[in-house]
Amino acid sequence: MLFFRLSAFYFFYFAAVGIYVIFLPKVLNDLDYTKLQIGIIFALAPLMKFITPFLFLKHITLNQNVFKLALLGSVVCSLLLYITLNNFYLLMLNNAILGACLSMILPYLEVISVKDLGKDKYGKSRLFGSIGFMIITLVLARVLKEPIIAIHFYLFVNILTVIFALSLLKYDSTYEKKNKDTQEPFSFIKHWTFWLSLFLMQISFGGFYNFFTIYETSHGVDLKTVSYLWTFGVLCEIVMLYYQAPILQKNLVGIIKFCLLITSFRWLLLYLFPDSLVITYITQGIHAFSFALFHSAVLMYLYSLYDNKKLAQQFMFGVAYGLGGFLGALIAGYLYGKNLFLYCSIFAFFAFISIIKRK
């Protein structure tokens with residue numbers, strides 16, 4: 001039952017992510033937002049993901065009540081998209097609050113997933129998130145005739161995400177009681193090179209997550225084909241998540257290094273061959289390593305480093321997907337052009353260099 005509920009949660013959570021990442025930038029572009037405005041709007045949510053975990057160092061405890069409040073906030077923000085979509089400043093504010101809510105939801109449940117499912121079953125459950133991402137990509141690409149349709153879909157899948165998230169709380173009670181008074185203080189200093197590599201890696205994803213759809217359509221690829229590109233990347237991701245368990249038994253740091261290096265190569269290919277559909281499909285295939293294997297290896301490595309595992313997960317999403325995503329979106333919005341993915345490649349390579357001596 002736990003496996004089913006976690007799988008359903010991942011499915012709907014990442015279906016919502018798919019709408020947010022793939023289609024909302026396109027919606028804003030069609031509504032005549034500038035590239036810099038799009039970058040700013042999509043930078044605020046990850047910025048809040050970075051800021052929010054610091055509140056939990058001393059001032060707040062990430063317990064079930066706070067988690068429920070975050071779930072409620074995500075639904076309210078989804079509803080407010082109907083009102084704020086056509087106003088740049090209101091949309092900025094709404095996106096910032098949404099980012100704060102999301103910074104608590106996924107890290108909270110990832111700890112339950114790793115703790116109770118382990119390396120063998122975690123990937124098999126997590127792959128349902130990739131399936132949700134893929135299905136929403138294929139469906140919405142065909143029905144997105146006007147911006148409001150994307151908002152309808154986002155609200156619907158977000159409500160289902162909240163329902164399954166609430167159903168998982170009963171599996172958390174034992175873990176909370178066991179660790180409440182035994183968690184050690186959290187610190188970046190001892191493992192600063194690792195945190196730097198996470199940060200730089202996500203900066204490199206700024207161009208991909210926020211502008212890949214726009215980049216491809218500007219090179220003559222129609223929206224339906226772009227949806228196939230996203231889908232192919234997710235299919236490769238699903239295969240990796242299903243078969244990754246034996247790989248994760250090996251040196252996790254070595255796996256992380258390899259993923260960083262091949263991601264740098266991935267962005268370089270997009271820069272060198274922007275008009276080649278075949279090369280673009282190859283780069284999407286590399287997503288199996290850039291995201292699926294990298295994310296799982298980082299998750300397992302963090303789980304072994306820190307006693308306060310929920311806070312470690314919050315900071316992983318905060319530093320990497322938060323601050324890294326924030327700066328990545330801003331940089332991508334500012335530098336958008338033919339050299340965009342060259343800059344992405346350089347950032348990913350610096351991420352590899354920063355961790356190269358780590359054993």
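Because the structure is a prediction, the values reported are computed rather than measured.
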Across all chains, not counting sequence neighbours, the side-chain hydrogen bond (donor to acceptor under 3.5 Å, both in side chains) partners of Ser7 are Ser125

The complete set of ring-ring contact (aromatic ring centres under 6.0 Å, His included) pairs with one or both residues in residues 268-287, sequence neighbours excluded, reads Phe208-His287, Phe232-Tyr281, His287-Phe291

Besides Ile97, the hydrophobic cluster formed by Ile, Leu, Val, Met, Phe, Trp and Tyr side chains linked at under 4.5 Å, directly or via other members, contains Leu93

The remaining residues in the hydrophobic cluster of Ile83, counting side-chain heavy-atom contacts under 4.5 Å among Ile, Leu, Val, Met, Phe, Trp and Tyr, are Leu72, Val76, Leu80

Residue set satisfying ring-ring contact (aromatic ring centres under 6.0 Å, His included) with Tyr228, at least two apart, ordered chain then number -> none

Residue pairs meeting ring-ring contact (aromatic ring centres under 6.0 Å, His included), one or both in residues 241-260, sequence neighbours left out, come to Phe258-Phe289

Apart from Leu90 itself, its cluster of hydrophobic side chains linked below 4.5 Å comprises none

Across all chains, not counting sequence neighbours, the ring-ring contact (aromatic ring centres under 6.0 Å, His included) partners of Phe50 are Phe54

ring-ring contact (aromatic ring centres under 6.0 Å, His included) filter on Phe194, not counting sequence neighbours, yields Tyr301

Under 3.5 Å, which donor-acceptor pairs link side chains of residues 247-254 to any protein atom two or more places apart or in another chain?
from: Asn251; atom 1: OD1; to: Val253; atom 2: N; distance (Å): 2.9
from: Asn251; atom 1: OD1; to: Gly254; atom 2: N; distance (Å): 2.9

Kindly list each side-chain donor-acceptor pair under 3.5 angstrom involving residues 11-26, sequence neighbours excluded, with atom names and distances?
from: Tyr20; atom 1: OH; to: Asn95; atom 2: OD1; distance (Å): 3.2
from: Tyr20; atom 1: OH; to: Asn95; atom 2: ND2; distance (Å): 2.8

Sequence neighbours excluded, the answer for ring-ring contact (aromatic ring centres under 6.0 Å, His included) partners of Tyr215 is His219, Phe341

